[in-house]
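Each remark here refers to the structure printed beneath this line.
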Amino acid sequence: MSEPKSNERMEKIVSLCKRRGFIFQSSEIYGGINGFWDYGPLGAELKRNVKDYWWRSMTQRRDDVVGLEATIIMHPKIWEASGHTSTFSDPMVDCLLTKKRFRADQVDPQDGIIYFFTGGRDAATGKESPESYSVLLAAGKNPESARKVARQFYAARGVENAELQGERTEAVQGSTRYNPENGSLLTEPRPFNLMFKTYVGPVESEDNVAYLRPETAQAIFAQFSNVLAVARQKIPFGICQIGKAFRNEINPRNFIFRSREFEQMELEFFIKPDDAAAKSVNAGEPGTEPTWGWEQWHKYWVEERVKWYESIGLGRDVLDFHWQAKEELAHYARATVDILYKFPFGTQELEGIAARGNFDLSQHQKFSGKSMEYFDEETKSRFIPHVIEPSAGVDRLILALLCNAFNEEEVTDEKGNKETRVVLKFHPRIAPVKVGIFPLLKNKPELVKKALQVRDLLRDSMTVYYDDTGAIGRRYRRQDEAGTPYGVTIDFDTLGETPSLADTVTLRDRDTMKQERMAIADLLPFLLGKIR
RNA sequence: GCGAGCGUAGCUCAGUCUGGUAGAGCAUCACCUUGCCAAGGUGAACGUCGAGGGUUCGAAUCCCUUCGCUCGCUCCA
C-alpha cells in the first residue's frame with residue numbers, strides 16, 4: 001500500500017517546514033489554534049514570490065486586467081446578495097445511531113410508524129439508560145426491525161441486550177426527523193455558519209453584525225461600477241485581487257491545505273453575453289476575442305492558468321483536471337474546471353475556473369438597486385456582463401509547491417558511504433532565496449571581503465544568503481533544504497591564485513550539484529535570466 | 001461535530017505498563033582546525049515532559065478536564 005508511505009512523506013514535509021522556517025503553527029506557545037498557520041522567514045519569501053508573480057502575470061503584463069484591494073469586512077448585504085448568508089449556514093443533523101451527518105434540508109420526508117422508547121435496561125447486569133429514543137418504520141414492515149435498531153442504540157450506550165422500556169407508536173407523514181437509511185432518530189438541527197461573525201462598533205447587537213469575507217470575489221463585483229468608471233477598460237476585461245478570506249471550517253485538515261484563514265488570488269474576467277458577442281463587427285471570424293462566447297473564454301482562461309502553473313514548476317504531469325458535471329455545479333455556475341494537484345494525501349483542488357454567467361452582478365443589482373449594466377458602444381446594446389472566474393488558493397498552492405519540490409536523494413560520498421540529501425527543487429522564480437554566497441574559508445579575510453562584495457553586488461536584485469560558517473559542503477546542503485537554486489563560492493582562484501581565473505567564482509547548481517566557473521561580472525545577468 | 005491514535009529539547013524519538021524529580025542521535029551557537037558537497041576537536045545553550053486540575057510524602061508516568069496533531073466518518077456553498 002502506498003498510503004502509509006504518503007503519510008510518511010507528508011510528515012517529512014511538515015517537519016522540514018518547521019525545521020527550516022517555512023511554516024509554523026499559529027500561536028504555538030499557547031498550544032496552537034486549529035486551522036491557523038504562520039509563515040516563517042523562508043515561507044514568507046516563498047509566498048510573497050508566488051503572489052508577486054501572479055500579480056505581475058495577471059495584471060502588470062496584460063492590458064486587459066486591473067487590480068483591486070478591498071476590505072475584509074464589508075456591508076452584510078453583500079453576503080445576502082451572494083447567497084452566503086443562507087447557503088453558508090445550513091442547519092445540520094446527525095444520526096444518533098451511526099453519527100452520520102446530513103444537511104437538515106436534504107433529508108427526504110418519510111411516512112410510517114414511529115416507535116418511541118423511554119429507555120433500555122439490561123436485566124442481566126442491571127445497567128440501564130434512561131435516554132428516550134425513537135425509530136421510524138415504513139408502514140407494513142416488521143416492528144421487530146424497529147426494536148432491533150433501538151437495541152443497537154442502547155448497546156452503543158453500554159446497555160447490552162436491552163429490554164426496551166415504554167414502547168408506544170404513532171403514525172406520521174412527511175417527517176424529516178429520521179435517518180432515511182436506518183430509521184434512527186436524528187439530532188435537533190444545529191446551525192453551521194461557516195462565516196466568521198463580528199460586530200462593527202462597540203455594541204454587540206444584531207443591527208451591527210458583520211462577517212469576515214469568506215471569499216474575495218464579492219468585493220470585485222461590489223466595486224465593478226467604480227472600477228469600470230475609472231479604468232478606461234472595455235469589456236472584455238478583468239479585475240483581479242489577492243487577499244485574505246476566512247471560513248470557519250468544521251474540520252481543518254491536511255496541514256495548510258484547508259485552514260480557517262487563508263489567502264486567495266482571484267480574477268473576475270467580464271465578458272459579453274453570447275448574444276451580444278454575436279453582434280460584434282468581427283462576428284463570424286473565429287478567434288477574434290471580442291466575439292468570443294463564454295465557452296471560448298472559459299477554455300482560454302483554463303489554458304492561461306495551466307501555463308502559469310507550468311511556469312513555476314507545476315507541469316501537466318503533476319496536475320489533474322476535473323470538469324464538474326452538471327449536478328456538481330454550484331448554483332451560480334454554468335461550468336467549472338478544477339485544476340488539481342497530486343498531493344501525497346490525495347489529488348486535491350488548487351484552483352477552480354468557473355463560468356458564473358451574470359449571477360453575481362445581477363444579484364448585486366437586485367439587492368443594491370444600483371445598475372450593473374454595461375453599454376457596449378460597438379453593438380449599441382446594454383447588458384449585465386457575464387464573468388469567468390479563475391480562483392486560486394495561495395496557501396494550498398504553497399503546499400503543492402513544497403510537496404512538488406521535496407526530494408530525498410541517495411548520494412554517495414567520496415568514502416563510498418550512502419547518505420540522503422534532502423533538497424527542495426523550487427523553480428528559481430519562486431525560490432525564497434535565489435543564491436547563497438560562500439567564502440571558501442572564513443579565516444581568510446581576503447576571501448571574506450571578496451565574498452561580501454559579491455553579496456552586495458547581487459543583493460539589490462534578488463534575495464541572497466551569505467554564509468561563512470562550517471565546511472563548504474555543509475553550507476551547500478543547508479541551502480539545498482531551503483531550496484536555494486544557486487550557490488556561489490569565492491575561492492583562492494577568485495583572488496588571482498591562478499591569474500587566468502581571477503575574479504571568477506564557482507557557481508553550484510542545486511539540482512545537479514555540478515559546478516562551473518563564471519566571471520563575477522556575468523553573475524547578475526545570468527541569475528536574473530533564471531529568476532525572472 | 002463523532003470515533004480511534006498521538007503530544008517528552010529546534011527535529012526524530014527512548015523513558016509511561018511497574019510513580020522516586022529527564023535522556024540519546026541529529027541540528028544550533030562559539031572557538032580551534034579547514035582547500036568544494038552534512039569532515040574532526042573542545043565547549044555552550046536548549047525541556048516548568050502540550051495546558052489546567054486531582055490522587056500521592058513524591059507524577060513525564062495514575063485519574064479527570066481541556067487544547068493541539070494524525071487517521072477514518074462528516075463537511076468543504
Side-chain angles (χ1 to χ4, degrees), chain A residues 3-4 6-8 10-12 14-21 24-36 40 79 82-90 92-103 156 187 190 192-195 214-215 247-255 257-260 262 328-333 345 348-349 352 354 393 409 411-415 417 419-423 438-444 447 468-481 487-493 497 505-510 512-515 517:
Chain A
E3 194 60 21
S6 69
N7 292 341
E8 200 184 305
M10 203 55 217
E11 276 168 29
K12 282 179 175 168
V14 172
S15 166
L16 175 65
C17 281
K18 181 165 189 196
R19 187 169 75 243
R20 286 299 174 192
F24 305 124
Q25 196 179 11
S26 170
S27 317
E28 200 194 61
I29 59 167
Y30 291 101
I33 176 165
N34 194 356
F36 298 88
W79 309 116
S82 69
H84 283 85
T85 310
S86 52
T87 61
F88 236 44
S89 59
D90 300 318
M92 306 295 290
V93 291
D94 298 327
C95 173
L96 283 168
L97 190 63
T98 62
K99 307 293 182 193
K100 184 167 173 174
R101 172 163 294 161
F102 302 88
R103 266 170 62 170
T187 59
R190 287 175 290 190
F192 271 71
N193 197 328
L194 295 189
M195 283 197 290
E215 63 172 34
R247 292 182 196 182
N248 208 347
E249 295 286 355
I250 294 165
N251 199 349
R253 278 286 162 92
N254 289 327
F255 199 30
F257 181 80
R258 184 184 303 152
S259 48
R260 290 185 163 125
F262 57 99
E328 289 177 87
L329 290 174
H331 57 281
Y332 52 72
F345 48 82
Q348 299 275 351
E349 182 186 343
E409 295 176 352
V411 287
T412 311
D413 67 18
E414 57 215 7
K415 297 175 204 111
N417 297 322
E419 54 175 17
T420 306
R421 180 173 86 115
V422 175
V423 51
F438 315 118
L440 186 58
L441 297 170
K442 178 163 81 163
N443 59 355
K444 298 288 185 288
L447 283 176
D468 62 10
T469 59
I472 188 71
R474 176 189 297 258
R475 284 177 266 165
Y476 287 149
R477 295 298 175 85
R478 203 181 268 145
Q479 291 308 306
D480 286 344
E481 279 202 343
V488 166
T489 302
I490 286 76
D491 59 16
F492 292 103
D493 284 336
E497 196 170 272
V505 293
T506 65
L507 182 71
R508 183 246 193 195
D509 183 279
R510 173 196 63 200
T512 63
M513 297 168 70
K514 295 260 165 56
Q515 290 177 288
R517 280 208 92 82

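The sequence lines fix the lettering, A, B, ..., with proteins before strands; numbering per chain opens at 1. Given the structure is predicted, the values throughout are model-derived calculations rather than measurements.
- Residues passing the side chain to side chain donor-acceptor pair (under 3.5 Å) test with A:R258, sequence neighbours excluded: none.
- When each of A:E28 and A:F255 is assigned the nucleotide of RNA chain B bearing its nearest heavy atom, the one mapping closer to the 5' terminus is A:E28.
- Residue A:D509 contributes atom CG, which lies 13 Å from atom C1' of B:C37 at whole-angstrom precision.
- Nucleotides B:G10 and B:G1 are separated by 30 Å at their P atoms, to the nearest Å.
- Atom name C1', nucleotides B:U65 and B:C46: the rounded distance is 31 Å, in whole Å.
- Straight-line distance between the C1' atoms of B:A22 and B:G47: roughly 8 Å, to the nearest whole Å.
- Here B:C71 presents its P atom at 9 Å from CE of A:M10, a figure rounded to the nearest Å.
- Taking a pair to require two hydrogen-bonding distances under 3.5 Å in either a Watson-Crick or a G-U wobble arrangement, B:C6 pairs with B:G68.
- B:U12 atom P lies 11 Å from atom CG of A:L16, rounded to whole Å.
- Taking all atoms of both residues into account, the shortest heavy-atom contact from A:T506 to A:Q515 is OG1-NE2, 3.4 Å.
- The base-pairing partner of B:U61, taking Watson-Crick or G-U wobble contacts with both distances under 3.5 Å, does not exist among the strands shown.
- Here B:C37 presents its P atom at 16 Å from CD of A:E409, a figure rounded to the nearest Å.
- Partners of A:K444 according to the side chain to side chain donor-acceptor pair (under 3.5 Å) rule, which considers only residues two or more places apart in sequence or in another chain, do not exist here.
- Residues satisfying the salt bridge (charged side-chain N to carboxylate O under 4.0 Å, His left out) test with A:R475, not counting sequence neighbours, are none.
- Look at B:A22: it lacks any Watson-Crick or wobble partner with both distances under 3.5 angstrom.
- Nucleotide B:C76 holds its P atom 14 Å from the CG atom of A:N248, rounded to whole Å.
- Considering all non-hydrogen atoms of both residues, A:S259 and A:E249 come closest at O-CG, 4.1 Å.
- Within the shown strands, B:G1 is the pairing partner of B:C73 under the Watson-Crick or G-U definition, both distances less than 3.5 Å.
- Closest to the side chain of A:E215, out of B:A77, B:A38, B:C76, is B:A77.
- For A:T489, the side chain to side chain donor-acceptor pair (under 3.5 Å) partners are A:Y476, not counting sequence neighbours.
- A 3.5 Å limit on both hydrogen-bonding distances identifies no Watson-Crick or G-U partner for B:G35.
- A:E481 comes within contact range of at least one nucleobase, with a heavy-atom separation under 4.0 Å.
- Between the P atoms of B:C67 and B:C13, the separation comes to 25 Å (whole Å).
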Set out, line by line, the N/O atom pairs under 3.5 Å between protein and nucleotides 65-67 of chain B.
none

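- Between the base of B:C36 and the side chain of A:T506 there is a donor-acceptor pair shorter than 3.5 Å.
- At B:C71, one or more side-chain N or O atoms of A:N254 fall inside 4.0 Å of OP1 or OP2 (strictly under the cut-off).
- Spacing of C1' atoms, B:C73 relative to B:A59, comes out at 36 Å, to the nearest Å.
- Between B:C2 and B:U16, the distance separating the two P atoms is 32 Å to the nearest Å.
- Put simply, the side chain of A:R475 and the base of B:C37 share no donor and acceptor less than 3.5 Å apart.
- The residue A:G40 sits apart from the nucleic acid: no heavy atom pair falls under 4.0 Å.
- Counting only heavy atoms from C-beta on, A:T489 has its side chain closest to B:C36 among B:G68, B:C36, B:A38.
- Going from atom CD1 of A:I472 over to atom C1' of B:G40 covers 17 Å, rounded to whole Å.
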Please encode protein proximity along nucleotides 25-35 of chain B as a string of B, S and -, counting only heavy-atom distances under 4.0 Å. --SS--S--BB

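- Comparing B:U70 with B:U8, their P atoms sit 14 Å apart, to the nearest whole Å.
- In terms of the salt bridge (charged side-chain N to carboxylate O under 4.0 Å, His left out) criterion, residue partners of A:E481 (sequence neighbours excluded) are, by chain and number, A:R19, A:R20.
- In this structure, A:R508 places its CZ atom 11 Å from C1' of B:A38, rounding to the nearest Å.
- Contact record, A:P439 with A:D468: CG-CB, 3.6 Å, taken as the closest heavy-atom pair.
- Base pairing annotation: B:A44 forms a Watson-Crick or G-U wobble pair with B:U28, both donor-acceptor distances under 3.5 Å.
- Across all their heavy atoms, A:R260 and A:N248 have their closest contact at NE-OD1, 3.4 Å.
- For the P atoms, the distance linking B:U12 with B:C69 amounts to 15 Å, nearest Å.
- Comparing A:S15 and A:F36 by the nucleotide of RNA chain B whose heavy atom lies nearest to each, the residue mapping closer to the 5' end is A:S15.
- At whole-Å resolution of the value, CD in A:Q348 and C1' in B:C76 are 10 Å apart.
- Counting distance only, with no hydrogens placed and no angle test, the side-chain atoms of A:Q515 and the base atoms of B:C36 include a donor-acceptor pair under 3.5 Å.
- Considering only residues two or more places apart in sequence or on other chains, A:R478 meets the salt bridge (charged side-chain N to carboxylate O under 4.0 Å, His left out) condition with A:D467.
- Under the rule for a side chain to side chain donor-acceptor pair (under 3.5 Å), the partners of A:R421 that lie at least two apart in sequence or sit in another chain are A:E409, A:D480.
- Shown here for A:I33 and A:Q25, the closest heavy-atom pair between the two residues is N-NE2, 4.3 Å.
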